[in-house]
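To start, the structure itself, in structure tokens.
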Protein chains: 2
Amino acid sequence: MTRAPATPPARERLLTAAGELFYASGIAATGVDAVLTRAGVSPATMYAHFAGKDALVAAYLGRRHERWRLTWDEVLAERDDPVDRLLSLFDAVARYRSREGNGRGCAFLAAATELPADHPGHPWLEADTRLLGERLRELASAAGLLDPEEAAATLLLLYDGALNRFARAATTPGLPGDDPLARARRLAAAWIGTQLSDPRAG
Amino acid sequence: MTRAPATPPARERLLTAAGELFYASGIAATGVDAVLTRAGVSPATMYAHFAGKDALVAAYLGRRHERWRLTWDEVLAERDDPVDRLLSLFDAVARYRSREGNGRGCAFLAAATELPADHPGHPWLEADTRLLGERLRELASAAGLLDPEEAAATLLLLYDGALNRFARAATTPGLPGDDPLARARRLAAAWIGTQLSDPRAG
DNA sequence: GTCTATAAGCTGATAGAC
DNA sequence: GTCTATCAGCTTATAGAC
């Protein structure tokens, strides 16, 4: 009855600990020792599961990308109106935040500033960028916007802005307590409105 | 005739080299050796000018903050119209970029993800955040906007968004080649327009 | 067979002595 | 300016517990 599961989640605990520490303190600043201690895993076990720290970092980024994509899928599945589907980007971020608690902005952008270009985790950064661009272009097109490319660029600007505000708020406590995500969504909705009603806008 | 200047710019060369390397490769990933080599300075000389790497990092951030502030001052001095003065934020970034070439987004935000909260350079990150907020509130107020706080938050969202787009573009080459800064300025100008003409907006 | 505990080697960076 | 001590972080090896 009180038996441990047949496959003890050593790898799982490593990924969880790595996710928390890498995101909270930065990748370079987080030592392997800290991850091992938090996960309660011995070095030998870790190196049996991952080739090294770089591989652990890559797995951390891959898992984060996967969860973000699933969250967005989930929100999209609840939306029918084409404009709502386009704006679902912001709702998905809100849900991801409430679920995983990413109070320090975009993990992929943070990783991009820390990792060299040939790091094994780098493909995940590009995957994130590509997913955002492609989906937004599709959704904008489906919403009947004249220039999907333009729409994607505008929404990405607001999306990146909101995430960056979170990152800045994390470093400077005294900031005004408004919600950047709600603001970004409002601005996006207003902009989409101008695109739908006035074909000459731009 | 070929005499070196009376005050050889050892400290200056160090700050220049540090600025280039820290910004391009990240602070944690850049070793002191690399800075010394690029500056052509010996370790002893460096430790005579700076207590250690942390102090060098703090000086790098301080200098960057100072130059950014001066650039914005410069642009502001050329603007008379209150709305132009409010939008000068984006023109100042453009000028700073063309002058210092910051192709990888906001150095302070990047530093914020890399440095621990008790790092000696941390006050500069807060100084940057404070300068942005205070100035924008003042300029928004002078421009006659109803809610300067709201205006500052909106412009900061767009400002952070543009800088974040630069950072993302640096990691993923295949992105569309539009100018996020021009887009942010356009969106800001349009939003300000709604605030001036329609007092009930929000 | 999988995981833990401990310890030691290696690399490179920081710091300081000469 | 050179050269070396010191230290931290990553990795691997050994030995034992469930």
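What's counted below: heavy atoms across the whole structure, side chains too, no hydrogens, waters or symmetry copies. Reminder, nothing fancy here: chain letters follow the sequence lines and each chain counts from 1.
Mapping Val32(A) and Val41(B) onto DNA chain D via the closest heavy atom, the residue that lands nearer the 5' end is Val41(B).
Between dC3(C), dG16(C), dT14(C), one nucleotide has an atom nearer to the side chain of Pro43(B) than all others, and that is dG16(C). With dC3(C), dT11(D), dG1(D) as the candidates, the nucleotide lying closest to the side chain of Lys53(A) is dT11(D).
For Asp80(A), the CG atom is loosely surrounded, since the number of other residues' heavy atoms within 6.0 Å does not exceed 12.
The CZ atom of Arg97(A) sits 7.0 Å away from the CG atom of Leu181(A) when rounded to the nearest 0.5 Å.
Look at CZ on Phe50(A): it is 15 Å from P on dC10(D), rounded to the nearest Å. Between the P atom of dC10(D) and the CD1 atom of Ile27(A) lies a distance of 12 Å, rounded to the nearest Å. dA8(D) atom P lies 18 Å from atom CG of Leu36(A), rounded to whole Å. In this structure, Met46(B) atom CE and dA15(C) atom P are separated by 7 Å, rounded to whole Å. Remark: P of dA7(C) and CG of Asp33(A) are 14 Å apart, rounded to the nearest angstrom. One interatomic measurement links the two molecules: CZ of Arg13(A) to C1' of dT4(C), which rounds to 10 Å at whole-angstrom precision.
OP1 or OP2 of dC3(C) has not a single side-chain nitrogen or oxygen of Ser42(A) nearer than 4.0 Å. Between Tyr47(B) and dG16(C) there is no side-chain polar atom (N or O) within less than 4.0 angstrom of OP1 or OP2. Close to dT2(C), at under 4.0 Å from its OP1 or OP2, lies no side-chain N or O of His49(A).
Within the 4.0 angstrom heavy-atom criterion, base atoms lie near Ala44(B).
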- Message: One pair to check against side chain to side chain contact (heavy atoms under 4.5 Å, CB included): Leu109(B) and Asn164(A). What are the steps and the verdict?
- Response: CA-CA 8 Å; Leu109(B) 221 24; Asn164(A) 226 356; 2.5 Å; yes

- Applying salt bridge (Lys or Arg N to Asp or Glu O under 4.0 Å), run through Arg63(B) and Glu12(B) and close with a yes or a no. CA-CA 11 Å; Arg63(B) 154 179 282 219; Glu12(B) 203 57 26; 2.3 Å; yes

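For Arg69(A) and Glu74(A), the salt-bridge test fails: no basic side-chain N is under 4.0 Å from an acidic carboxylate O.
End-to-end axis angle for the helix from dG1(C)-dC18(D) to dC18(C)-dG1(D), using five pairs per end and rounding to 10°, comes out at 10°.
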Under 3.5 Å, side-chain donor or acceptor atoms of residues 21-37 of chain B against the rest of the protein: list the pairs with distances, not counting sequence neighbours.
residue: Tyr23(B); atom: OH; partner: Asn102(B); partner atom: O; Å: 3.4
residue: Tyr23(B); atom: OH; partner: Arg104(B); partner atom: N; Å: 2.7
residue: Tyr23(B); atom: OH; partner: Gly105(B); partner atom: N; Å: 3.0
residue: Tyr23(B); atom: OH; partner: Gly105(B); partner atom: O; Å: 2.6
residue: Thr30(B); atom: OG1; partner: Leu21(B); partner atom: O; Å: 3.3
residue: Thr30(B); atom: OG1; partner: Gly26(B); partner atom: O; Å: 2.7
residue: Thr37(B); atom: OG1; partner: Asp33(B); partner atom: O; Å: 2.9

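Residue pairs meeting the ring-ring contact (aromatic ring centres under 6.0 Å, His included) criterion with at least one partner in residues 123-150 of chain B, sequence neighbours excluded, are His65(B)-Trp124(B).
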